Protein chains: 2
Amino acid sequence: MKKPSIKDIASRLNISITTVSFVINGKAKEKNISESLTKKVLDLVAELNYQPNALAKSLRTGKTQILGFLVDDISEPFFAAIARHLDEIASDLGYKILFSSTRNNTQKAIELLQILKDRHVDGYIMALPEGLEEEVKKLIKTETPVVLFDRYVPDVKTDYVIIDNQESVYQATKHLIDNGYKKIGFVTLETSQSQMIDRLSGYQVAMAEAGLSTSVKEVDYKNGADSIAQMTTYFKTERKLDAVIFAANYICMDGLRTFKKMGIKIHQDIAVVSFDDFELLEFCDPPVTAIVQPLNAIADNVMKILLSRLNKAGQATGNTQVKLPAHLKIRGSSLKKI
Amino acid sequence: MKKPSIKDIASRLNISITTVSFVINGKAKEKNISESLTKKVLDLVAELNYQPNALAKSLRTGKTQILGFLVDDISEPFFAAIARHLDEIASDLGYKILFSSTRNNTQKAIELLQILKDRHVDGYIMALPEGLEEEVKKLIKTETPVVLFDRYVPDVKTDYVIIDNQESVYQATKHLIDNGYKKIGFVTLETSQSQMIDRLSGYQVAMAEAGLSTSVKEVDYKNGADSIAQMTTYFKTERKLDAVIFAANYICMDGLRTFKKMGIKIHQDIAVVSFDDFELLEFCDPPVTAIVQPLNAIADNVMKILLSRLNKAGQATGNTQVKLPAHLKIRGSSLKKI
DNA sequence: CTGAAAGCGCTTACAG
DNA sequence: CTGAAAGCGCTTACAG
């Protein structure tokens with residue numbers, strides 16, 4: 001009743017395991033194995049429901065058909081959505097994905113990376129956590145395929161898929177300016193991650209072009225309550241703001257909570273644009289304009305790049321760096337100034 | 001520059017790989033290996049940054065330290081949150097988790113299960129998809145640890161962690177009745193999954209006890225638009241409803257969209273209770289009362305049960321079946337009838 | 001056309 | 001106290 005091995009197949013048929021292996025791996029033709037024998041093997045494989053042991057295969061070939069996926073927190077909607085799409089594509093291609101959350105803990109992230117290495121994953125997909133730059137550089141040196149997404153590190157030469165953060169925020173800011181807003185605030189995180197820097201820069205460029213002065217709040221994120229407290233102070237100080245752009249999903253969530261607490265009305269008191277779209281925005285009154293990331297396209301590109309690397313391992317090709325456009329979904333919160 | 005193996009360590013020290021293996025696995029004492037030799041091995045291991053090859057170890061021991069996790073869709077907030085907690089606990093214990101989404105496709109689910117089997121995962125955690133009952137029974141017969149959560153199948157004898165669906169909906173229904181509501185509707189999915197059946201039954205019992213007649217809508221879920229269309233028809237037909245309970249997260253989401261489209265006001269026109277809490281509910285006007293599942297407790301219990309099975313494999317112990325209480329978070333949507 | 005054998009990197013029963 | 005050797009289940013270069 002235990003799982004049959006290649007040996008069982010071979011001995012039952014009185015042939016060598018070599019032949020069985022060739023047939024199973026579709027090399028019967030190439031290796032000139034007779035059709036009748038091929039059929040016998042295939043029939044027995046089907047009868048016994050033989051499944052090759054992936055561990056043995058991996059040990060021998062050095063390939064595991066497993067990819068490592070490393071992000072801050074897999075339960076964040078953006079990462080969960082990307083994970084889902086990646087998993088979908090990968091499983092169609094015979095790959096499985098090991099998901100890991102670093103929980104913004106560098107030490108933990110390094111450990112997780114080590115575990116993925118121990119498991120001999122064939123490639124890595126990461127939203128690179130801060131503090132992992134050196135580890136990743138080492139990884140890339142070993143010729144392991146690594147594809148980054150969401151953000152990149154100029155210093156780390158590798159493939160990545162990002163969206164055009166600067167351009168999308170630039171367009172969103174311009175949209176607000178075009179609709180008559182002048183005192184536009186920008187609420188972001190205190191971080192040096194590329195995607196946040198680029199978003200800020202898109203805002204700054206648009207404001208400068210229009211000759212408007214900027215107002216930036218960098219939230220030092222500890223937890224929701226503290227973040228709301230920081231924003232409350234900000235909005236109290238900057239009373240004259242007539243619009244605000246929130247630079248990320250949960251920043252926006254906390255911003256909307258802050259408005260609720262302070263009795264600030266969307267659009268009526270302040271126009272709002274959110275980076276990242278999520279269900280809540282559609283339910284606000286009025287609904288909130290959002291910069292929408294192309295989730296499918298991100299996942300598609302990541303997998304495409306990774307697969308092409310996997311298929312030509314060793315060949316030092318140049319880096320593929322993709323920058324995808326985001327889409328501004330205009331809703332009631334950013335309509336013309338009243 | 002390639003990874004050092006146990007052989008490299010042994011040959012460098014002119015000792016056998018047996019000794020190295022014992023030292024690495026902390027059996028130096030037990031095997032009476034001299035302290036000085038133990039230290040030499042450990043030092044070299046540190047110097048070379050030797051990491052045992054997990055594949056070889058797994059092939060030999062039959063244990064992979066990997067767990068399989070199978071749900072409908074990893075990007076659903078409930079599953080994503082559970083996944084995150086499980087991953088957190090598991091990685092502290094040296095286990096990794098392979099996550100898979102079946103996307104409500106039975107054939108796909110069977111394939112995924114097969115892949116997990118091929119990978120020799122040590123145990124399984126699943127929100128059992130419909131149509132997988134027989135496969136899982138086979139799995140359990142092979143003595144592989146399997147822990148179900150979210151729902152169970154009476155027919156499948158195994159460990160599971162669920163919440164008290166019936167009691168929690170019973171209490172929620174009673175809460176509405178106590179607050180003066182009489183025409184209470186119940187919107188659920190057309191499914192035979194245990195958790196949905198139990199939720200429905202909690203509603204029915206509470207209504208019967210109060211001598212009230214029921215109104216149940218079973219949505220045949222295809223997509224959001226269709227679901228909203230079905231609910232629109234339902235709420236048009238059942239005009240006299242003064243309260244409604246939505247039996248799951250995305251059903252509630254679509255219900256709220258339907259209200260928005262129809263101009264139905266929460267609490268003012270109809271009291272609302274949602275099964276599962278999510279951020280949107282807090283932002284509704286008034287905020288929506290929710291039955292909150294204890295996510296941490298679910299994940300904790302699942303892992304506890306699974307680990308105890310892993311540690312005494314083979315011993316046919318009885319099944320551990322845990323039923324956790326849910327918590328009714330009362331908000332403005334279900335306050336006393338106006 | 002087919003097979004014997006080495007080897008991937010470990011663990012462990014057995015021997016001394 | 002320590003080691004030689006078998007074996008987990010595969011793949012593949014080599015031989016005939």
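Numbered from 1 within each chain, the chains take letters A, B, ... in sequence-line order. What you see is a predicted model; the values in this text were computed from it and never measured.
- Ionic pairing of A:E30 and A:K27 is not present here: no N-O contact between side-chain nitrogen and carboxylate oxygen is shorter than 4.0 angstrom.
- In this structure, the NZ atom of B:K7 is 15 Å from the C1' atom of C:dT11, given to the nearest Å.
- Note: NE2 (A:H120) to C1' (C:dC8) measures 10 Å, nearest angstrom.
- Contact between the side-chain N/O atoms of A:K57 and the OP1/OP2 oxygens of D:dT11 is found at a separation under 4.0 Å.
- Of the N and O atoms on the side chains of B:E47 and B:N49, not one donor lies less than 3.5 Å from an acceptor on the other residue.
- Here A:K27 does not reach the OP1 or OP2 of D:dT11: none of its side-chain N or O atoms lies under 4.0 Å away.
- A sub-4.0 Å separation between OP1 or OP2 of C:dG9 and a side-chain N or O of B:Y50 is absent.
- Here the P atom of nucleotide D:dC1 and the CD atom of B:E30 are 15 Å apart, to the nearest Å.
- Residue B:R60 contributes atom CZ, which lies 4 Å from atom C1' of C:dT11 at whole-angstrom precision.
- Remark on DNA chain D: of its neighbouring residues A:L55 and B:L37, the 5'-side contact belongs to B:L37, judged by nearest-heavy-atom nucleotide.
- Close to D:dT2, at under 4.0 Å from its OP1 or OP2, lies no side-chain N or O of B:N32.
- Here B:Y152 pairs with B:Y160 under the ring pair (Phe, Tyr, Trp, His ring centres under 6.0 Å) rule; sequence neighbours left out.
- For A:I6 and D:dT12, the CD1 to P distance is 11 Å, given to the nearest whole Å.
- Secondary structure note: stems in DNA chain C built from 3 or more consecutive Watson-Crick or G-U wobble pairs under 3.5 Å occupy C:1-3 with D:14-16, C:5-12 with D:5-12, C:14-16 with D:1-3.
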Chi angles and distances behind the side chain to side chain donor-acceptor pair (under 3.5 Å) call for A:S91, B:K108: CA-CA 10 Å; A:S91 76; B:K108 168 114 185 159; 2.8 Å; yes
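- Checked by atom type, the side-chain pair A:T18/A:S21 shows no donor-acceptor distance below 3.5 Å.
- Nucleotide C:dG3 holds its C1' atom 11 Å from the CD1 atom of A:I33, rounded to whole Å.
- Computed from coordinates, the A:E35 CD to C:dT2 P distance equals 12 Å when rounded to whole Å.
- Near-neighbour residues of DNA chain C inside residues 9-24 of chain B, defined by a heavy atom below 4.0 Å, number-ordered: B:I17, B:T18, B:S21, B:F22.
- Of the residues listed (A:L116, A:L70, A:I115), the one engaging A:L98 in a side-chain contact (heavy atoms from CB on, under 4.5 Å) is A:L116, and it is the only one.
- Here B:N53 does not reach the OP1 or OP2 of C:dC8: none of its side-chain N or O atoms lies under 4.0 Å away.
- We find that B:D72 and B:R103 are not joined by a salt bridge, their nearest charged nitrogen and carboxylate oxygen being 4.0 Å or further apart.
- Map A:T61 and A:S34 each onto its nearest nucleotide of DNA chain C; the residue landing nearer the 5' end is A:S34.
- Between A:L59 atom CG and C:dA6 atom P there is a gap of 17 Å when expressed in whole angstrom units.
- Salt bridge A:D43/A:K39: present, at least one basic N to carboxylate O contact under 4.0 Å.
- Dashed line: the shortest gap from a side-chain N or O of A:K63 to OP1 or OP2 of D:dT11 is not under 4.0 Å.
- When the C1' atom is used for both C:dT2 and D:dT11, the distance is 16 Å, rounded to whole Å.
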Residues B:V20, B:I15; criterion side-chain contact (heavy atoms from CB on, under 4.5 Å); working and verdict: CA-CA 8 Å; B:V20 179; B:I15 56 176; 3.7 Å; yes
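- Heavy atoms of other residues, nucleotides or ligands lying less than 6.0 angstrom from NZ of B:K137 number more than 12.
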